[in-house]
Amino acid sequence: MSSQPIHGNYFGYYTKRPSISDPRIALLPVDFFRDKTVLDVGCNEGWVSIEIAQRYGAGRVIGVDIDENLIRNAWKRRKIIWSLQNSEMIPNPDISTTIEDASHPPMKRRKLKQEKDRAAPPVVIHTAKPHMSLEQAHYFPASLSFSFGTLPLPTFEKEDATGFPHNVTFRTADWVASSGIPEDDDGYDVILALSITKWIHLNDGDKGIQAFFRRAFETLRPGGKFVLEPQGWDGYAKAKRMDARLKETAMGIKLRPEDFGQLLQSIGFSTVENLGPIGERGFRRDVDIYSKPPQVSSDA
């Protein structure tokens, strides 16, 4: 793979965005992901995938990215976020409030005590406050993950497979150009395409972006949602200077981002629901939701 991030595969991408809790996800209804199977295409280091799995009650989240190093970092982040969460960060289905980011926990007085019944004991946090829950009492501060490593993940139990962290997984794949991933066979309730259309378009041209939209339609279950955040055409100029091949592909592009809505509807999606622009500076873009009809004719 090129040393240049020609697929938008930037390392530390989410550290450059102004917000920690992703504002694009906050635009969506609070129960949008609850009990749903979600595909996050171009998941990068897994920040959004993990946030949906941990905070929004998703049944299953699959993050896919073309860069194996980013996927490796996503698996690591999953363990870190599991270690940092406490009961205040575990979503309650009856509460529709935004919770504080796991990387920025509230300050509390704590003291350390190690479990004695493990061969390689993790550090456990206890508190002097008697009213705190067990999850809060065992809260693991961020600094300890650097000193002692992350906490071990809970044992996987099939009946608990929908709970974090077991409800989020990651795969390395070119979801557009390859034959897909095994999870495609069961289909998805929600597919996310956040800030990736420019890179698909510049790498694979008009045929590539058409193939991506069609695959999204085909792998969505009836009534499923396609959440799209397309980059504007003006953002293509800087990206295509990264690599001669991108520049060559750009010369043959006829479709423009403003044509995507009509293209998606011709494939079979419903009329767009625009949630408005969100983000700051260069990250301020529209977020749109396209729906797959509940019943799709065989010739769609």
Go through the structure and list residues passing side chain to side chain contact (heavy atoms under 4.5 Å, CB included) with Thr172, not counting sequence neighbours.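 Partners of Thr172 under the side chain to side chain contact (heavy atoms under 4.5 Å, CB included) test: Glu68, Ile71.
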
Find out whether [X] and [Y] are in side-chain contact, i.e. whether some heavy atom of one side chain is under 4.5 Å from a heavy atom of the other.
X: Leu275; Y: Asp288; result: no
X: Phe260; Y: Phe213; result: yes
X: Gln210; Y: Leu263; result: yes
X: Leu28; Y: Ile289; result: yes
X: Arg77; Y: Ile50; result: yes
X: Asp40; Y: Ile62; result: no
X: Ile25; Y: Phe32; result: no

Say whether, by atom type as modelled, one donor and one acceptor occur between the side chain of [X] and the main chain of [Y] under 3.5 angstrom.
X: Ser270; Y: Ser291; answer: yes
X: Asp31; Y: Arg34; answer: no
X: Asp22; Y: Arg24; answer: yes
X: Asp206; Y: Leu255; answer: yes
X: Arg78; Y: Pro165; answer: yes
X: Asn167; Y: Gly59; answer: no

Would you say the ring centers of Phe217 and Phe269 fall short of 6.0 Å from each other?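 Yes - the distance between ring centres of Phe217 and Phe269 falls below the 6.0 Å cut-off.
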
Would you give the length of the straight line joining atom [atom1] of [X] to atom [atom2] of [Y], rounded to the nearest 0.5 angstrom?
X: Arg215; Y: Ser178; atom1: CZ; atom2: OG; result: 5.5 Å
X: Lys198; Y: Asp234; atom1: NZ; atom2: CG; result: 9.0 Å
X: Ile66; Y: Trp199; atom1: CD1; atom2: CH2; result: 12.5 Å
X: Ile6; Y: Leu246; atom1: CD1; atom2: CG; result: 5.5 Å
X: Phe212; Y: Ile267; atom1: CZ; atom2: CD1; result: 10.5 Å
X: Arg60; Y: Ile52; atom1: CZ; atom2: CD1; result: 15.0 Å

Applying side-chain contact (heavy atoms from CB on, under 4.5 Å) to Phe33 and Val61, what does each step give before you reach the verdict? CA-CA 9 Å; Phe33 298 106; Val61 182; over 6 Å; no

Which atoms form the tightest heavy-atom contact between [X] and [Y], and what is the distance?
X: Leu220; Y: Lys292; value: O-NZ, 2.7 Å
X: Val41; Y: Ile196; value: O-CD1, 3.5 Å
X: Arg285; Y: Ser195; value: NH1-OG, 2.5 Å
X: Ile278; Y: Pro23; value: CG1-CB, 3.8 Å
X: Leu202; Y: Ala239; value: CD1-CB, 3.6 Å
X: Gly268; Y: Pro293; value: O-CD, 3.3 Å

Can a donor-acceptor pair be found between the side chains of Thr197 and Gln231 at a distance below 3.5 Å?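 The answer is yes; a qualifying pair exists.
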
Report the C-alpha separation of Gln54 and Ile81 in whole Å, then their side-chain angles, then the decisive distance to 0.1 Å, and conclude whether the side-chain contact (heavy atoms from CB on, under 4.5 Å) test is met. CA-CA 9 Å; Gln54 183 197 31; Ile81 296 302; 3.6 Å; yes

Name the atoms and distances for all side-chain donor-acceptor pairs under 3.5 Å in residues 180-194, with sequence neighbours left out.
unit_1, atom_1, unit_2, atom_2, d
Glu183, OE1, Arg171, NE, 2.8
Glu183, OE2, Arg171, NE, 2.9
Glu183, OE2, Arg171, NH2, 3.3
Asp184, OD1, Trp175, NE1, 3.2
Asp184, OD1, Tyr188, OH, 2.5
Asp184, OD2, Trp175, NE1, 3.2
Asp184, OD2, Ile181, N, 3.1
Tyr188, OH, Asp184, N, 3.2
Asp189, OD1, Arg221, NH1, 3.3
Asp189, OD2, Thr37, N, 2.8
Asp189, OD2, Arg221, NH1, 3.0

Do other residues, nucleotides or ligands put more than 12 heavy atoms under 6.0 Å from Gln262 CD?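 Counting other residues, nucleotides and ligands, CD of Gln262 stays at 12 neighbours or fewer.
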
Ring pair (Phe, Tyr, Trp, His ring centres under 6.0 Å) partners of Tyr236, counting only residues at least two apart: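 Ring pair (Phe, Tyr, Trp, His ring centres under 6.0 Å) check on Tyr236 returns His201, Trp233.
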
Any residue meeting side chain to side chain donor-acceptor pair (under 3.5 Å) with Arg245, in chain and number order, not counting sequence neighbours: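 Scan of Arg245 (side chain to side chain donor-acceptor pair (under 3.5 Å), adjacent residues dropped) gives Asn203.
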
Within residues 261-274 or reaching into it, pairs that qualify as salt bridge (Lys or Arg N to Asp or Glu O under 4.0 Å) - sequence neighbours excluded: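 Listed by first then second residue: nothing to list.
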
Output every pair passing ring pair (Phe, Tyr, Trp, His ring centres under 6.0 Å) with a member in residues 60-79, not counting sequence neighbours, ordered by first then second residue.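 The answer is Trp75-Phe170.
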
